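Okay, structure first, notes after.
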Amino acid sequence: MLRFRVFREKAIGLGQKLLPAFSTPTGIPRGIINLGNGLNWSWGWASAGSSILAEFGTLHLEFLQLSELSGDTVFTEKVNTIRKILNKIEKPHGLYPNYFSPVSGNWVQHHVSLGGLGDSFYEYLIKSWLMSAKRDDEAKDMYYEAVKAIELHLIKRSPGGLTYIAEWRGGILDHKMGHLTCFAAGMLALGAHDAPANKKDHYMKLASEIARTCHESYVRTETKLGPEVFRFDSGAEATSTRLSERYYLLRPEVVESYVYLWRLTHDPRYREWGWEIVQALDKYCRTESGFSGIRDVYTTTPNHDNVQQSFFMSETLK
């Protein structure tokens, strides 16, 4: 009980220290805050001082929990403001761009991705619906509307029959898929059960197809570990064509999708695919002092990056 109180107080204290980041004209928080003095600013690389969809759009679950733990509604009010803005603002073709100005209240670039910068926003919509005991209808509606737009504009099939999720840059598709995007197979499977009746089987099939594509990105390498980015252009099929995209950081997204699909379908191939990853990790990423990312998944003489990412323990192994 004492341990619970300690963590509860720490969580509430951290939440309170984050609140100054919401002091913008729109209420959308900036991406960085000095917890000592409350000064906050946007990432230097973010276009025109933007806030990032995957950051401010992923606060809902935690902040609702903070209000429940503390009895202070300020946390819920902050994330409800975010929801209200995202619902009200015009979205290009129903898609959510990754960059949003916390000052003007407008999208800054029409770059849409289910990979880095956008991914967890969509993931947390369906999880907000489920974690609310299926009472958060706003999250449910936003999720299924987003999936509808994603399928219409981003999901494509390669000449070799692989289903993938492209990126969208102002109406022009970039036919690449990041390792981060592979979470979408699990997300779609998770959301299939509560989809409209005529979409349940369709979304499960789509989840299975995307999981297969991500599996192909692994088995087409020498190490049987997937690259950071794989492409579907210039003859490429689920392979990386650039040296700068061939690394593997011990990421969890692919194996996480296998876990969801195994739990929901009990198809044994997902356990088999998961075991392939375990064997490859042990063979190519294990070092004397832990596990390391590798710089090129297409060579069986791995060059370790000497970093064991925190998400390896908290997500990949879990």
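From a predicted model like this one, the values you see are computed outputs, not experimental measurements.
For N303, the side-chain contact (heavy atoms from CB on, under 4.5 Å) criterion is met by R295, not counting sequence neighbours.
Aromatic ring pairs are classed by plane angle as parallel below 30°, tilted from 30° to 60° and perpendicular above 60°; the pair H179 and Y248 is tilted. Between F22 and F63, the ring planes are tilted. Angles from 30° to 60° get that label. The aromatic rings of Y203 and Y144 lie parallel to each other, their planes meeting at an angle below 30°, with 60° marking the opposite boundary. Ring geometry for H93 versus H153: interplanar angle of 30 to 60°, hence tilted.
Checking K205, K199, K200, M204 one by one against H202, the side chain to side chain contact (heavy atoms under 4.5 Å, CB included) holds for a single residue, K199. The residue from D136, V147, L125 that alone fulfils the side chain to side chain contact (heavy atoms under 4.5 Å, CB included) condition with M142 is L125. Each of D201, I165, T163 was scored for a side chain to side chain contact (heavy atoms under 4.5 Å, CB included) with L206, with one residue passing: T163.
Cation-pi geometry between R271 and W262 is satisfied (NZ or CZ under 6.0 Å from the ring centre, within 45° of the ring normal).
Within a 6.0 Å radius of CG in N198, other residues, nucleotides and ligands contribute more than 12 heavy atoms. In the displayed structure, E68 atom CD is contacted under 6.0 Å by at most 12 heavy atoms of other residues, nucleotides or ligands.
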| field | Worked verdict on E228 versus R251 for salt bridge (Lys or Arg N to Asp or Glu O under 4.0 Å) | value | CA-CA 9 Å; E228 181 72 0; R251 288 201 187 279; 2.9 Å; yes

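Between the side chain of T58 and the backbone N or O of A54 there is at least one donor-acceptor pair closer than 3.5 Å. Side-chain atoms of Y99 never come within 3.5 Å of backbone atoms of L117 as a donor-acceptor pair (strictly under, hydrogens ignored). Here the side chain of T223 pairs a donor or acceptor atom with the backbone of V297 at under 3.5 angstrom.
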Report, one line per pair, each donor and acceptor closer than 3.5 Å where one atom sits in a side chain of residues 310-317; sequence neighbours left out.
unit_1	atom_1	unit_2	atom_2	d
S314	OG	S310	O	3.2
T316	OG1	L250	O	2.7

